[in-house]
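Notes follow the structure.
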Amino acid sequence: MRPSYSWVILIAGFWPLVALGVTFLRFGELPGDGDQIAAAVLGFLLVGMLSGLVLISVLRRTVSRSTSAFAVGGYVLAAPFGYVLGIVGPLSLEAFGEEWMPKSMDYLLLFPLTVGFYGSLPLVCGAVIGFLIGYIINRGS
């Protein structure tokens with residue numbers, strides 16, 4: 001069964017909900033002001049889009065259920081790392097200093113991009129590594 005790319009919409013919508021839900025459950029409130037929350041939502045939406053596209057692309061290339069299971073398993077196992085790196089990743093912007101770019105540009109452009117990049121990196125790697133493990137196992141048998 002080849003999943004359609006419309007599943008990316010569901011995956012992309014799921015990531016901001018999980019990120020905000022976990023943060024709210026952990027701290028009892030959403031930290032920051034409206035700009036920070038909006039930037040985090042945009043960033044985790046980007047995480048869901050990028051990682052979802054890769055996951056669906058990998059699943060469309062599988063030929064057996066076990067390979068699909070390994071790809072999805074790798075994605076799910078990498079999800080906590082994607083969440084943590086999505087939160088910690090924007091701290092790398094502090095290395096450039098506040099004088100480097102105006103604050104409005106920082107939150108509206110760079111913050112979501114760094115969340116998206118750092119957050120999707122473990123998920124993409126997990127899905128691809130899971131796919132490769134499943135492919136090697138199926139090829140050997």
Side-chain angles (χ1 to χ4, degrees), residues 1-98 100-141:
M1 186 170 114
R2 296 174 54 128
S4 71
Y5 283 103
S6 62
W7 281 91
V8 173
I9 296 169
L10 181 67
I11 294 169
F14 178 72
W15 269 100
L17 294 175
V18 168
L20 291 178
V22 168
T23 304
F24 184 77
L25 289 174
R26 170 65 180 97
F27 298 109
E29 64 182 5
L30 296 176
D33 57 2
D35 288 342
Q36 291 173 336
I37 294 171
V41 167
L42 287 174
F44 280 106
L45 190 64
L46 187 59
V47 168
M49 292 288 288
L50 293 173
S51 65
L53 281 172
V54 171
L55 178 65
I56 298 300
S57 296
V58 164
L59 289 176
R60 290 177 64 90
R61 284 160 180 73
T62 59
V63 292
S64 70
R65 285 188 173 262
S66 64
T67 307
S68 298
F70 277 110
V72 171
Y75 185 87
V76 169
L77 288 175
F81 297 104
Y83 170 71
V84 169
L85 281 179
I87 291 173
V88 176
L91 295 176
S92 65
L93 294 175
E94 293 180 3
F96 294 113
E98 293 184 17
W100 186 64
M101 191 170 280
K103 187 160 180 68
S104 62
M105 191 106 163
D106 181 29
Y107 270 87
L108 295 177
L109 180 66
L110 291 179
F111 190 85
L113 287 176
T114 55
V115 168
F117 174 73
Y118 287 112
S120 63
L121 192 62
L123 298 165
V124 168
C125 291
V128 171
I129 289 170
F131 170 77
L132 291 174
I133 289 172
Y135 179 78
I136 290 169
I137 289 173
N138 283 337
R139 189 168 178 137
S141 58

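For the single chain, residues carry numbers from 1 onward in sequence order.
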Checklist entry - Is the closest side-chain donor-acceptor distance between Tyr135 and Thr62 under 3.5 Å? => result no
Checklist entry - Can you name the nearest heavy-atom pair linking Val58 to Ala71, along with the distance? => result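 Nearest pair, atom of Val58 first, then Ala71: CG1-CB, 3.8 Å.
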Checklist outcome for this item: Nearest heavy-atom contact between Met49 and Ala12 is SD-CB, 3.5 Å
Checklist entry - What residues form a side-chain hydrogen bond (donor to acceptor under 3.5 Å, both in side chains) with Ser64, not counting sequence neighbours? => result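 For Ser64 the side-chain hydrogen bond (donor to acceptor under 3.5 Å, both in side chains) partners, ignoring immediate neighbours, are Ser66, Thr67, Asn138.
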Next on the checklist: Among residues at least two apart in sequence or on other chains, which ones pass side-chain hydrogen bond (donor to acceptor under 3.5 Å, both in side chains) with Arg26?
Outcome noted: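 side-chain hydrogen bond (donor to acceptor under 3.5 Å, both in side chains) list for Arg26, sorted by chain: empty.
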Checklist entry - Just how far is it from atom CG of Leu55 to atom CG of Leu50, taken to the nearest 0.5 Å? => result 12.5 Å
Item to check | Side chains of Leu46 and Pro112 in contact at under 4.5 Å (non-hydrogen atoms) | outcome: no
Item to check | OH (Tyr5) with more than 12 external heavy atoms under 6.0 Å | outcome: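 Yes.
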Checklist entry - Would one find more than 12 heavy atoms of other residues, nucleotides or ligands at under 6.0 Å from atom CD1 of Ile9? => result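 No - once you tally the heavy atoms of other residues, nucleotides and ligands closer than 6.0 Å, there are 12 at most.
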Checklist outcome for this item: With sequence neighbours left out, the residues meeting side chain to side chain contact (heavy atoms under 4.5 Å, CB included) with Ile137 are Phe70, Ile133
Item to check | Those residues that, when tested against Leu91, pass side chain to side chain contact (heavy atoms under 4.5 Å, CB included) (two or more places apart) | outcome: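 For Leu91 the side chain to side chain contact (heavy atoms under 4.5 Å, CB included) partners, ignoring immediate neighbours, are Val88, Glu94.
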Item to check | Pairs touching residues 73-88 that satisfy side-chain hydrogen bond (donor to acceptor under 3.5 Å, both in side chains), sequence neighbours left out | outcome: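 Passing the test, one end in residues 73-88: Trp15-Tyr75, Thr23-Tyr83, Ser51-Tyr75.
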Report, one line per pair, each donor and acceptor closer than 3.5 Å where one atom sits in a side chain of residues 113-131; sequence neighbours left out.
unit_1, atom_1, unit_2, atom_2, d
Thr114, OG1, Leu110, O, 3.1
Thr114, OG1, Phe111, O, 2.9
Ser120, OG, Gly116, O, 2.6
Ser120, OG, Phe117, O, 3.4

